[in-house]
Amino acid sequence: MDLRQVFAADPGRADRYTLTAGGLRADLSKNLVDDEIVAALTDLADAMGVSERYEAMRRGDVINPTEGRAVLHTALRRPAGDSLMVDGVDVVADVHEVLDRMAVVAERIRSGEWTGATGARIRHVVNVGIGGSDLGPLMAYRALAHYRESIQCHFVSNVDPTHMVETLKPLDPAETLFIVASKTFTTQETLANADSAKAWILDGLASADPAEAVAKHFVALSTNAEGVAAFGIDTANMFGFWDWVGGRYSVDSAIGMSLMIAIGPDEFTEFLAGFADIDEHMGSAPAAENLPLMLGLLGIWYRNFLGMPSHAVLPYSQYLERFPAYLQQLDMESNGKSVHLDGSAVDHDTGPIIWGEPGTNGQHAFYQLIHQGTTVIPADLIGVVNPARDVGGQHDLLIANLFAQAEALAFGKTGAEVAADGAADDLVAHRTFAGNRPTNMILTDELTPRVLGQLVALYEHKVFTQGAIWGINSFDQWGVELGKELARGIVPELTSDTSLEHDASTNALIAHYRATRRR
Ligand code: G6Q
């Protein structure tokens, strides 16, 4: 498909392929599709029962069979007073009971009523968690930095001790509250970091009663009350969620506590309302106007029909700097699967490689390959029309770059055009741009908490659509288990001289470490 020809032949294309959902406006016209392909893709969604499966998810059916769980993150953003009965329990009432408790504590921390063991006001919150218990709150905290008031949040995830050490360097234990965020409260990295945080508090506040120091400087976000109590955190300061919330779908559960402390409960409610806007849109918009569904279908077109292995997410907003990393987990952990729901091997590709960085930085780095490389990489370009702050008209520069990239990728520059610009003959080929490189241009008026919720839910349901069409389980993650299990075995081997029974490569690596590690 040649986008120059397609646009020339169809003046209504840009309008017809622009969809809206909540405060999001997506121009999908620079995709390598025509009306016939779009119709065939929506037929595919019908044939694979995407909307039926979506309804099954929303009403709490066990759609994650390998873990025997319902998948109910959509219940996390239903408004107060709504109700959803699952196995005789009103899960929406449970959600709001926790949200209300979170709001009380968040306000106490924000107002200074909650003090540390020395009576000092809390000025820093450190979220200790990894994966789904880190990426969501971290991404959202950065995205909504403009809404943050006095309290600063920090996020420690890596078991690399330097992550905690460097984070704590400028902090005062008397003013620091740790949020231990772990659904299972068994995650090796998080428990190790939580232990080191506890030691830092007890050491830094040596004159305080240790139990009081822990009670005033730690809260927990978890489903495991026993584990939380064993760590020494009062379960009155634990905010729960449920096994039907997957880690990578949990930023809108208690896992969002750091965000709520930063932006306040009212803005957090707006954030949740944004998710609900898109839940509703996904459930009710006709297929051709359904933005998450269409993003999913376009991705299927590129992955399965045109054989494109990767997908870039390029936010033209520094506030969204961690959005690509967040989406990497959401998409790749959900749809990086090789078997169908029934365990049979897939005979088609599944999840693409998701990656990206904020524009314009990427333009000065990897865009060369996107423009002229041998692999076509479909990309989502995300822009905000009205900046939270502008300095000297810089925002217009940013947006000009955003629009220019989409134009260049779609329409390129022919050899004749390059030559007509006066390029030397031997440079014409080097300076030619093939074009026909597809993009989705997603714009929003402003990056508010509500819009951020919409953006996240948009991608949640895009991923959902693709998983449903591929017939895979988007809600388990068995692929992360083997490495964890092997690491557990290697830990004691690093400090002993027992004989090693791995493969020759792994044995040699452990032997080298044993011999070289200074203690
Ligand atoms: C997400 C995954 C995973 C999980 C982390 C942390 O969907 O399940 O990233 O969030 O492994 O788990 P805990 O919250 O249990 O510590």
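Side chains included, hydrogens not; waters and symmetry mates left out as well; all remaining heavy atoms used. Order of listing sets the numbers, starting from 1, for every ligand and every atom in it.
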Q: Verify, without hydrogens or angle tests, whether N64 (side chain) and F475 (backbone) share a donor-acceptor contact under 3.5 angstrom.
A: yes
Output side-chain donor-acceptor pairs under 3.5 Å for residues 229-241, partner residues at least two apart or in another chain, one line each.
from, atom 1, to, atom 2, distance (Å)
D234, OD1, A236, N, 2.9

Q: Let me know which protein residues bring a heavy atom to under 4.0 Å of ligand 1; chain then number is fine for ordering.
A: I130, G131, G132, S133, S182, K183, T184, T187, G247, R248, Q329, E333, Q477
Show me the donor-acceptor pairs, under 3.5 Å and distance only, between side chains in residues 450-461 and residues at least two apart or in other chains.
from, atom 1, to, atom 2, distance (Å)
R450, NE, D277, OD2, 2.8
R450, NH2, D277, OD1, 2.9
R450, NH2, D277, OD2, 3.4
Q454, OE1, G23, N, 2.8
Q454, NE2, D277, OD2, 2.7
Y459, OH, D380, OD2, 2.6
E460, OE1, R77, NH1, 3.1
E460, OE1, R77, NH2, 2.7
H461, NE2, D279, OD1, 2.8

Scan the side chains in residues 104-111 for donor-acceptor partners under 3.5 Å anywhere in the protein, sequence neighbours excluded, and list what turns up.
from, atom 1, to, atom 2, distance (Å)
E107, OE1, R110, NE, 3.4
R108, NE, E113, OE2, 3.3
R110, NH1, I261, O, 3.0
R110, NH1, A262, O, 3.3
R110, NH2, E149, OE1, 2.9
S111, OG, E107, O, 3.0
S111, OG, R108, O, 3.2
S111, OG, E113, N, 3.3

Q: Start with the C-alpha distance between H340 and H348, add both sets of side-chain angles, then the distance that settles ring-ring contact (aromatic ring centres under 6.0 Å, His included), and finish with yes or no.
A: CA-CA 10 Å; H340 291 123; H348 48 77; 5.4 Å; yes
**Q.** Backbone N/O of L272 and side chain of D252: donor-acceptor pair under 3.5 Å
**A.** no
